[in-house]
Amino acid sequence: MKMKIFSRPTFLITLHLIYLITIPRVYSSLPLPLYAPELFLECLDTQPADPGSRNSRAAVIPTDSSFSTNLMRAVRNLRFASASTRKPEAIVAAVTETHIRATISCCKHLNLELKVRSGGHDYEGFSYTSPVPFVILDMYNFDKVDINLKDETAWIQSGASLGELYYNIAKTSKVHAFPAGVCPKVGAGGHFSGGGFGNLLRKYGLSIDHIIDAQIMDADGKVYRDRRSMGEDVFWAIRGGGGGSYGVILAWKLKLVRVPENVTVFKLERTVEEGVIDLVHKWQQVAPVIDKDLFIRLEIKPVYRRTTSKCKTKTINVSFIGMFLGSPERLLNIMNKRFPELYLREPDCMVKKWIDSVVFWAEYPENAPLEILLERISVNESYWKRTSDFVQTPISKRGIAKIFQTMIYHSPLPRRVWMQWNPWGGRMAEIASDETPFRA
């Protein structure tokens, strides 16, 4: 394949604005046509159904007592939990493909927008909000994960979480993994549809670079069981072209990747007073071009620093969080040559099984059982605004200082602005820009 020539991003910045304010969750809906939810239920039961079961049994509408629970189960951003946010006409928690087909048909018949939700981890609420009347097709019951070590593949249904995927891989093998996000509660359907990046991307690229087949239902309810039947154009489009655009993804077939039985992780914190502006500037030069086995994320947050026993002032704290596919000895050799200013030392290095590194990156308690990766419901959600952008040329020290000053100014703690910087390079710089729609 001929590679298109574009200026490749050096790293990805994600900006997080957290509003820690006291606003109660409100579950009431805006006034809606009273007949729409009931008509939708009636329509479901006119569609072909599974033997002995009505399609409407998989659905709830606003007058049902369980409606709010079903809606809020996967709302990750409380900005969309207010009374002013339009609520769906119905939520269909599909158990079978028949339920999905009936939902698609009735949305078309009643002119309702269809929103497909696998994990609800989109912070702008794309899978559970709309300015027009809509229905949520909730895929969380489609959560089966099948691992086949003989050919090093896995089939995962779109409603399964990344945590469920990682857990099932680890239960089967100590030397296999899959390159995807670090938050276990993210749903596979939306994550893979959007590209899927995590701490293995410099070694292996994105999730979509390791998706080798899929199953999808189109707008007419027809199911395509493999890439050959759906066509290569559709298969190309669903790998990074955005969720809910080309049909309902039922399942993905993944090619697993190899990892060492033991990996090394670390987390170092530095403040402005400790010279972190120079370190961040150097990180830009090093992180995207260093050994591809190493991924170093930056988390940049305003914090309070005590200056005297009675006084404290705000400063910036930067966490350097590392994932290395190898031993501490090899990691230290690389860092001492390429990034000695960070002053990484052997006591900072933690040797873990790959699955334990997943727990570390998810910021779960160190001794938490692996079953914590199977949890789907989030608690203590906040009011967020997030945005991401790509940086293609290094930011100057003066520019970094200005960013830090702006973050402090707009962070009257406990409300705060914080950032993540993720280095690319490595495998990400080797894949053709038109290989997947994420890059095109």
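With respect to Lys292 and Glu430, a salt bridge is recorded, a charged nitrogen being found less than 4.0 Å from a carboxylate O. The pair Asp434-Arg439 fails the salt-bridge criterion, with no side-chain N (NZ, NE, NH1 or NH2) lying under 4.0 Å from an Asp/Glu carboxylate O. A salt bridge links Arg73 with Asp138: the closest approach of a Lys/Arg side-chain nitrogen to an acidic carboxylate oxygen falls below 4.0 angstrom. A salt bridge links Glu97 to Arg225: at least one charged side-chain nitrogen sits closer than 4.0 Å to a carboxylate oxygen. With salt bridges taken as basic N to acidic carboxylate O contacts below 4.0 Å, one links Arg330 and Asp291.
Remark: the Asn148 side chain and the Thr153 side chain contain no N/O donor-acceptor pair separated by less than 3.5 Å. Between Asp218 and Tyr224, the side chains place a donor N or O and an acceptor N or O closer than 3.5 Å (distance only, hydrogens not considered).
Proximity of a side-chain donor or acceptor of Asn77 to a complementary backbone N or O of Trp384 within less than 3.5 Å is detected. At distances below 3.5 Å, at least one donor-acceptor pair connects side-chain atoms of Asn336 with backbone N or O atoms of Leu332. Using modelled atom types, no side-chain atom of Asp220 and backbone atom of Lys222 make a donor-acceptor pair closer than 3.5 Å. Remark: side-chain polar atoms of Thr172 are paired, donor with acceptor, to backbone N or O of Asn168 under 3.5 angstrom. For Gln420 (side chain) and Leu298 (main-chain N/O), no donor-acceptor pair under 3.5 Å exists by modelled atom type. Side chain of Glu435 to backbone of Ala432: no donor-acceptor contact under 3.5 angstrom is found.
In this view, Arg76 satisfies the salt bridge (Lys or Arg N to Asp or Glu O under 4.0 Å) rule with no residue, not counting sequence neighbours. When the side-chain hydrogen bond (donor to acceptor under 3.5 Å, both in side chains) test is applied to Ser130, the partners found at least two apart in sequence or on another chain are Glu113.
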Checklist line | side chain to side chain contact (heavy atoms under 4.5 Å, CB included) between Gln215 and Asp226, intermediate numbers included | finding: CA-CA 6 Å; Gln215 297 179 358; Asp226 54 39; over 6 Å; no
Margin query: With side chain to side chain contact (heavy atoms under 4.5 Å, CB included) as the criterion, how do Met350 and Asp356 come out once you've worked through the C-alpha distance, each side chain's angles and the decisive distance to 0.1 Å?
Written below: CA-CA 11 Å; Met350 294 169 277; Asp356 293 322; over 6 Å; no
Margin query: Run the side chain to side chain contact (heavy atoms under 4.5 Å, CB included) test on Leu373 and Ile355 for me, step by step, so that the C-alpha distance in whole Å, both residues' side-chain angles and the decisive distance to 0.1 Å come before the verdict.
Written below: CA-CA 10 Å; Leu373 298 176; Ile355 192 63; 3.6 Å; yes
Check: Please walk me through it: do Asp209 and Leu206 pass side chain to side chain contact (heavy atoms under 4.5 Å, CB included)?
Finding: CA-CA 5 Å; Asp209 299 319; Leu206 303 172; 3.6 Å; yes
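The distance from the SG atom of Cys106 to the CD atom of Glu89 is 13.0 Å, given to the nearest 0.5 Å. Summarising the geometry, atom OH belonging to Tyr304 is positioned 12.5 Å from atom OG1 belonging to Thr315; distances are rounded to the nearest 0.5 Å. Distance check, rounded to the nearest 0.5 Å: CH2 of Trp236 to OG1 of Thr436 gives 7.5 Å. Atom CG of Asp278 sits about 13.0 Å away from atom CZ of Arg270, to the nearest 0.5 Å. To the nearest 0.5 Å, the span separating CZ on Arg227 from CD1 on Ile216 amounts to 13.5 Å.
Between Trp424 and Phe197, the ring-plane angle classifies as tilted under the 30° and 60° cut-offs.
By the 6.0 Å contact criterion, CD on Glu346 is open, its count of non-hydrogen atoms from other residues, nucleotides or ligands being 12 or less. Counting heavy-atom neighbours within 6.0 Å of Tyr409 OH, excluding the residue itself, gives a total of 12 or less. At most 12 heavy atoms of other shown residues, nucleotides or ligands fall within 6.0 angstrom of atom CD in Glu366. Around the NZ atom of Lys314, the shell of radius 6.0 Å holds more than 12 heavy atoms that belong to other residues, nucleotides or ligands. Atom CG of Asp233 sits in a sparse spot, with 12 or fewer heavy atoms from other residues, nucleotides or ligands closer than 6.0 Å.
Arg297 forms no cation-pi arrangement with Phe295, by the criterion of a distance under 6.0 Å to the ring centre and an angle within 45° of the ring axis. Cation-pi contact between Arg386 and Tyr123: present, with separation from the ring centre below 6.0 Å and deviation from the ring axis of at most 45°.
Checked against a 6.0 Å centroid threshold, the rings of Phe178 and Phe192 count as neighbours.
Closest heavy-atom contact between Pro328 and Val351: CG-CG2, 3.4 Å.
Leu137 has its side chain within reach of Met139: a pair of non-hydrogen atoms, C-beta onward, lies under 4.5 Å apart.
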